[in-house]
Structure formats: structure tokens, C-alpha cells
Engineer: 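Questions regarding the structure given below will be posed in turn.
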Amino acid sequence: MMESKNEAQHFVGCDLCQQPVSFFCRRCGVNLCDTCIAIHVRVKSTNVHEIVDFASKDDDDTCHCDSHPQNDCSAYCKTCDAPICILCVSIKHKSHEMSELSDKIEELLKVIAKENDRLQSSKNEVEKILDHTTKLLSSISSIYKQRKDEVTARGEEWHKQIEETVKKLHQELDDMQKEHEAVLQKQKKEFEELIGKMDEMNGKTVKLQKSKNVKEMQTFVPVIQNRKNLNEVSQYSFPTFYECKIDPTYLQTYFGYVEKMQVKKTLLLENEFKERELSGRRMLEVPTVTSVIDTGFPAEEEYKNRLYDMAITHDNKVWMGGAGTELKLFDLQGHLHHTVSIPTTGMYFCIYKKQVVYSDQPKKAVRMISDTDTVVTMFTTGDWMPRGVTSTASGDLLVCLRKDDQSKVVRYSSTGTVLQEIQYNSQCQPLYKSAYYITENVNGDIIVTDWDKKTVIAVDRLGIFRYSYSGVTFSTVTTDPVGHVIVTDLRGNKIHMLDRDGRFLRYIIPEGGIKYPRSVCILGDGEMMVGECMTGIAKRIKYIEE
């Protein structure tokens with residue numbers, strides 16, 4: 001603080017007399033006061049004196065020659081790409097290609113103006129992001145409070161379920177105790193009577209040992225011989241308390257907003273809570289095909305592929321896209337309800353705010369189909385080609401992008417503002433080689449299928465790597481309401497089910513099998529719709545029992 005104060009009080013003095021400075025000679029680099037100006041200009045110099053106000057000494061917009069600093073530049077050497085003075089024109093640059101300095105200035109000013117326009121346009125985008133960020137900051141406290149209230153409410157529901165279960169177990173133990181006590185009381189009475197008869201036999205035996213009555217002894221011998229030893233006694237065990245820990249990832253099925261949770265408390269009947277989540281229903285050992293839809297898409301010329309992608313609507317209908325330039329809307333019974341023409345193949349699309357949104361690769365744009373079947377451009381993706389697209393719980397869009405040999409995932413707002421880019425891991429290595437399809441899990445994980453790597457790659461909502469799962473070819477991915485990850489395997493003719501941490505759970509192969517599965521979406525009531533890429537057949541598969 002003292003140094004700053006001293007600097008503020010320091011004044012600049014004239015180089016000739018140390019009086020307060022008023023002027024500056026740019027050619028000589030000399031500070032001058034009012035009195036010393038006349039003295040200085042009389043001094044002969046190789047430079048022409050240029051006296052200016054001291055306050056504007058740094059505002060020199062004159063271009064001085066590098067080779068002859070005393071001279072202003074008056075021409076431009078195209079050969080050397082440098083401004084030069086009149087001496088340079090006649091000496092060093094005599095045989096070079098020249099132009100007027102003003103022409104070069106005009107050329108540079110055009111470039112600067114163009115780049116400035118670009119920056120101003122970019123500034124508008126930055127201002128949009130800033131506005132969005134400001135709004136997020138203003139609402140972040142209330143949003144997180146709401147999430148905490150939701151977690152609290154869910155926790156209270158859990159406590160209620162636990163209390164009901166504990167009460168039920170207490171009642172069962174009370175009933176068991178009464179039954180156990182009755183059995184033991186009966187056993188106690190029987191054993192007391194048995195011991196009484198044994199004491200009676202013993203007394204008779206002692207009496208006969210002192211007697212010489214043979215007839216009485218003969219009568220007693222078969223009686224005591226018929227009294228058998230106690231070889232078997234019923235064993236009664238008390239009920240055992242089996243303690244099991246609740247899986248934190250399962251708790252996150254309920255507390256979907258909590259990224260990391262450490263659960264130290266142990267509870268009874270974990271399986272009971274899991275069964276409640278599935279309404280007492282279990283996975284079918286052999287899933288069944290309940291209906292079949294022939295989508296009627298033509299065969300693509302080179303690979304004969306027909307059915308590419310599908311998406312479930314809010315009223316339980318399914319949009320399907322394939323080779324050709326149509327999207328078709330079917331109900332679950334296979335009836336065609338609507339057809340929309342688009343300018344590209346229906347390879348990548350999703351449902352966003354009840355509207356179909358798709359990637360237009362040739363135009364490098366993300367487009368929406370309006371209620372009147374009009375195609376509306378939401379935003380363009382620059383030099384990057386869009387592929388898989390999905391809507392998120394936060395109301396944004398996640399898009400897989402590819403350029404040359406690079407792939408990345410970008411989160412866009414509905415207006416096309418870039419909110420997040422995911423491309424590299426913590427070691428600054430590319431996460432993706434060829435990102436195709438994408439989905440968001442209930443815990444916020446962003447899951448991508450990489451066709452070149454033959455791998456499913458998951459990052460958390462911040463873009464930090466979570467896990468990868470290998471061994472699937474030409475796959476698409478979706479998730480169910482409890483966080484299971486469903487991955488199609490086109491070459492393997494099966495569907496992989498993973499848990500939310502990427503661990504394999506089981507294959508889903510319906511009765512009769514499935515051929516070349518590619519597109520997939522989860523229906524209600526324990527069902528999924530899976531599209532066979534080469535046949536154009538979509539199969540409705542039930543994988544959870546009634």
C-alpha cells in the first residue's frame with residue numbers, strides 16, 4: 001500500500017531542468033517543460049523534432065521505418081511484407097515489388113473490420129451464455145433447495161416404509177413367540193409327567209430290591225422294559241436376524257439428484273424394497289415377443305439396412321426412422337398413424353418437448369418438426385456433423401458431433417447456445433473415436449455408443465469419465481426408469497442389460513431370437529421395442545413378468 005501511495009505522488013520532470021514536464025519530443029524521446037522547448041528545438045539532430053503534449057506522448061499512430069527510425073514509412077514492400085521509408089525504396093528494396101502504404105492499410109483495416117464483426121457476433125453468443133449463466137446463478141439456490149426437499153420427502157417415505165416393515169416384523173415375532181411358548185409349555189408338562197413316572201419306576205425298583213416277591217418282580221419286568229430311553233428330542237430354534245446393507249446405487253434410484261452417497265446404516269429386507277419398486281414383478285427368464293410391426297422402410301442401397309432409430313412419445317406411440325426420407329408414427333399394436341417427410345434419412349432423432357427433433361447431417365443442423373409438419377432449424381453445428389441426439393431432464397439437448405477423426409458431445413440449449421462440451425478425459429486424451437448414439441440416465445450419466453471402439457462410454461453430468469463397456473457392435477443405447485442401461489448388439493444378435501455402473505446383468509434374447517437389433521426404446525409395463533435393422537421389423541418385447 002505504501003509503494004502504491006508513493007508512486008501516485010511521484011511527478012515526471014523535464015530532462016533539461018527538472019521542472020514539471022509539459023511536453024515530449026517523440027523523435028528524441030526527451031521530456032520538456034514550457035521553458036526548455038525553445039532550447040531543445042535549436043539543438044541540431046539527425047531527426048526532425050516532433051513536440052507533443054506529454055499526456056499524448058504514447059498516442060503516436062505514425063509508422064516509423066525499422067531501418068531508418070528517423071523517417072516515416074511511405075510505401076509497402078510486398079516481397080518483404082513490411083512497411084518501408086523513401087530511403088529503403090531506393091536502396092535496400094530497390095528491386096522488390098512495392099505498393100502504396102495506404103493500399104496495405106486499407107487491406108488490413110478490412111481484415112480487422114471483418115474479424116471485429118466476427119468477434120461482435122461471437123460476443124452476442126457469449127452474452128446469451130452469460131445471461132443464461134446469470135439466470136442459473138439467480139435460481140440455483142431455490143433449485144437445490146427444491147431438490148433437497150424432494151430428497152427429504154423421499155427419505156420420509158422410506159422411513160415410513162421402514163417403520164411399517166419393522167411394525168409388521170414385531171407383530172410376526174409376537175405371534176411366533178406365543179406359538180413357541182405354547183409348544184414349550186406343552187413340552188415342559190410332558191417332560192414333568194415323564195420324570196414323575198420315571199421317579200415312580202425308580203421307587204418301585206428300590207422297593208423290589210428289598211422284596212422276595214417273585215411274582216411281583218415278573219409282573220414289573222415287562223413294564224420297565226417297555227419304558228424306552230429318550231433318543232429324540234424336538235429342537236426349537238429362535239428366529240435369526242439377517243442384516244443386509246442397502247446398496248447406495250440402489251438408493252440413488254430414489255434419490256436421483258444425489259451424485260455421491262455413503263450409506264452406513266443397515267436395514268432389514270432390502271429385497272422387499274426392491275420388489276416394491278418393481279411392484280413385485282421379476283425379470284422373465286425368456287422374454288416374449290407380444291407384437292410385431294413391419295415398418296415398411298426400403299433397403300439402403302449399400303448395406304441393405306432398413307430400420308435405424310425410434311423414439312417413444314408421451315402418449316405411448318413410437319416414431320420410427322429408416323432408409324428413405326420419412327419418419328413414421330405407429331401405435332403399439334402396429335397401426336400407422338402418421339408419416340412426415342424430412343430432407344434426410346431418419347437415422348438420429350429424439351422426442352424433445354413433445355416434438356420430434358432430428359440431426360440433419362448434410363446441412364450440419366439440428367431440426368424440429370412442428371405441429372404442422374413443418375421442418376424448423378433449431379441451430380446449426382458449424383464444421384461438426386451431428387449424429388445421435390437426446391433430450392435431457394434439464395430441458396437441454398445432447399448431441400454427438402464428429403469432424404474428421406474427432407468426436408465430442410455438446411450440450412445445447414433450445415436456442416443453440418453451447419452449454420457444455422465433452423471431448424477429453426482427465427489425461428487430456430480423447431474420450432470418443434466415433435460417437436454415434438447417446439442417452440441420459442436417471443442419475444445424470446451421459447452414455448454414448450462408440451462404433452469404432454465397439455464400446456459404450458459413460459461420463460457423469462460434469463463430463464467426468466465413469467465407466468466403459470466393450471464388446472458391442474453397431475449398437476444403440478437407452479435406459480429404463482430405474483437406471484438399467486440397455487444396449488443393442490447388432491452383430492451379436494442380442495441385447496445387453498447393464499446396471500447403472502456399467503456392470504453386466506444379463507442378455508435379453510426373446511423367445512425365437514432377434515436378428516440384427518439396432519434401434520431400441522423402453523415402453524411402459526415392463527416392455528421394450530427393438531428394431532431389426534436388416535429386416536425393418538420392430539418387435540415389442542416383454543421382459544418383466546406380470
Side-chain angles (χ1 to χ4, degrees), residues 125 128-129 132-133 136 256-257 259 308-312 319 321 346-361 364-369 377-382 384-403 406-425 430-451 453 455-469 475-481 483 485-488 500 502 519-522:
E125 293 300 317
K128 290 179 183 178
I129 298 173
H132 180 74
T133 303
L136 286 177
Y257 305 106
E259 289 282 359
Y308 292 139
D309 202 4
M310 58 176 62
I312 186 77
W319 280 103
M347 188 171 290
Y348 310 104
F349 60 91
C350 69
I351 304 298
Y352 178 70
K353 297 181 179 179
K354 298 184 179 181
Q355 305 296 134
V356 176
V357 170
Y358 70 92
S359 292
D360 188 337
Q361 293 189 84
K364 295 180 180 176
V366 174
R367 304 183 187 274
M368 175 184 286
I369 300 174
T377 299
M378 296 182 68
F379 53 86
T380 58
T381 55
W384 293 76
M385 180 182 293
R387 285 180 170 171
V389 57
T390 190
S391 59
T392 70
S394 60
D396 306 321
L397 284 168
L398 291 169
V399 185
C400 293
L401 299 178
R402 181 175 175 84
K403 182 177 72 172
Q406 302 177 67
S407 278
K408 64 181 179 180
V409 170
V410 176
R411 184 188 297 272
Y412 290 96
S413 70
S414 59
T415 59
T417 300
V418 175
L419 304 176
Q420 182 184 23
E421 289 194 7
I422 303 169
Q423 189 172 4
Y424 302 102
N425 61 19
L431 279 166
Y432 315 109
K433 190 173 182 181
S434 183
Y436 264 74
Y437 286 91
I438 186 168
T439 191
E440 183 186 57
N441 210 342
V442 293
N443 63 349
D445 282 354
I446 300 166
I447 307 171
V448 167
T449 58
D450 191 309
W451 281 23
K453 289 185 176 182
T455 301
V456 176
I457 300 168
V459 299
D460 66 17
R461 69 184 69 203
L462 299 177
I464 300 171
F465 176 79
R466 284 259 291 122
Y467 64 82
S468 63
Y469 176 81
S475 57
T476 55
V477 62
T478 190
T479 60
D480 68 12
V485 181
I486 313 297
V487 187
T488 60
R500 67 174 59 202
S519 51
V520 60
C521 63
I522 299 298

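In this text the structure is predicted, and so the values were computed from the model without any measurement.
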Engineer: From Thr455 OG1 over to Leu431 CG, what is the distance, rounded to the nearest 0.5 angstrom?
Structural biologist: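 It comes to 12.0 Å.
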Engineer: Measure across Lys364 and Gly382 and return the closest heavy-atom pair with its distance rounded to 0.1 Å.
Structural biologist: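 Taking Lys364 first and Gly382 second, the nearest heavy atoms are CD-O, 3.3 Å.
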Engineer: Side chains of residues 346-355: which donor-acceptor partners sit under 3.5 Å, not counting sequence neighbours?
Structural biologist:
residue : atom : partner : partner atom : Å
Tyr352  : OH   : Gly395  : O            : 2.8
Gln355  : NE2  : Ile369  : O            : 2.8
Gln355  : NE2  : Asp371  : OD1          : 3.4

Engineer: Who passes side-chain contact (heavy atoms from CB on, under 4.5 Å) against Ser394, sequence neighbours left out?
Structural biologist: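 Ser394: side-chain contact (heavy atoms from CB on, under 4.5 Å) contacts with Thr392, Asp396, Arg411.
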Engineer: Check the side chains of Thr439 and Thr390 for a donor-acceptor pair under 3.5 angstrom, ignoring hydrogens and angles.
Structural biologist: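 No.
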Engineer: Measuring only between side-chain heavy atoms, which start at C-beta, is Phe379 closer than 4.5 Å to Leu397?
Structural biologist: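 A side-chain contact under 4.5 Å exists here.
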Engineer: Quick check on side chain to side chain contact (heavy atoms under 4.5 Å, CB included): which of Val520, Thr479, Val477 does Ile486 satisfy it with?
Structural biologist: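 With Ile486 as partner, Val520, Thr479, Val477 yield a single side chain to side chain contact (heavy atoms under 4.5 Å, CB included), made by Val520.
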Engineer: Quick check for you: to the nearest 0.5 Å, what is the distance between Thr381 atom OG1 and Asp360 atom CG?
Structural biologist: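 It comes to 9.0 Å.
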Engineer: Could you pull out the closest heavy-atom pair between Ser475 and Val487, with the gap in Å?
Structural biologist: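 It is CB-CG1, 3.7 Å.
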Engineer: Could you tell me the separation between the CG atom of Leu419 and the NE2 atom of His132, rounded to the nearest 0.5 Å?
Structural biologist: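 Taking CG in Leu419 and NE2 in His132, the distance rounds to 4.5 Å.
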Engineer: Any idea how Trp451 and Tyr436 line up, ring-wise: parallel (<30°), tilted (30 to 60°), or perpendicular (>60°)?
Structural biologist: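 Answer is parallel, since the angle falls under 30°.
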Engineer: Stepwise, does the side-chain contact (heavy atoms from CB on, under 4.5 Å) test hold for Tyr432 with Val459?
Structural biologist: CA-CA 11 Å; Tyr432 315 109; Val459 299; 4.1 Å; yes
Engineer: More than 12 non-hydrogen atoms from neighbouring residues, nucleotides or ligands closer than 6.0 Å to NZ on Lys433, yes or no?
Structural biologist: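 Incorrect, the count does not exceed 12.
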Engineer: Say you draw a straight line from OG1 of Thr380 to CZ of Arg367; how long is it, rounded to the nearest 0.5 Å?
Structural biologist: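 Rounded to the nearest 0.5 Å, the OG1-CZ separation comes to 9.5 Å.
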Engineer: How long is the straight-line distance from CZ of Arg402 back to CE of Met385, given to the nearest 0.5 Å?
Structural biologist: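 Atom-to-atom, Met385:CE and Arg402:CZ are 9.0 Å apart.
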Engineer: Quick check: closest heavy atoms across Val357 and Val389, and the distance to 0.1 Å?
Structural biologist: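 Closest heavy-atom pair between Val357 and Val389: O-CG1, 4.0 Å.
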Engineer: Examine distances only and state if a side-chain atom of Ser519 and a backbone atom of Met310 form a donor-acceptor pair shorter than 3.5 Å.
Structural biologist: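 It does not hold such a pair.
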Engineer: Quick one: closest heavy-atom pair of Thr377 and Ala365, and the distance?
Structural biologist: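 Closest approach of Thr377 to Ala365, heavy atoms only: CG2-CB, 4.2 Å.
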Engineer: Could you tell me whether a side-chain N or O of Glu421 sits under 3.5 Å from a main-chain N or O of Lys408, the two making a donor and an acceptor?
Structural biologist: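 Looks like no, no N/O pair under 3.5 Å.
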Engineer: Do you know the tightest heavy-atom contact between Ser359 and Arg387?
Structural biologist: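 The answer is OG-O, 2.6 Å.
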Engineer: Is there a donor-acceptor pair closer than 3.5 Å between any side-chain N or O of Gln420 and the backbone N or O of Arg461?
Structural biologist: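 Answer holds: yes.
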Engineer: Do Tyr469 and Ile447 have side chains that get closer than 4.5 Å, going by heavy atoms?
Structural biologist: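 They are not in side-chain contact.
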Engineer: So how far is it from Arg500 CZ to Asn443 CG, rounded to the nearest 0.5 Å?
Structural biologist: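 Arg500 CZ to Asn443 CG: 5.0 Å, rounded to 0.5 Å.
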Engineer: What verdict does the side-chain contact (heavy atoms from CB on, under 4.5 Å) test give for Val366 and Tyr412, after you've listed the backbone C-alpha separation in whole Å, the side-chain angles of each residue and the deciding distance to 0.1 Å?
Structural biologist: CA-CA 10 Å; Val366 174; Tyr412 290 96; 5.7 Å; no
Engineer: Going by the side chain to side chain contact (heavy atoms under 4.5 Å, CB included) test, name the single residue among Ile446, Asp445, Ile457, Asn441 that passes it with Arg466.
Structural biologist: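 Of all the options given, the one that passes is Asp445.
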Engineer: If every non-hydrogen atom of Cys400 is compared with every non-hydrogen atom of Ile438, which pair is closest and at what distance?
Structural biologist: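 Distance-wise, the nearest heavy atoms are SG-CB, 3.7 Å.
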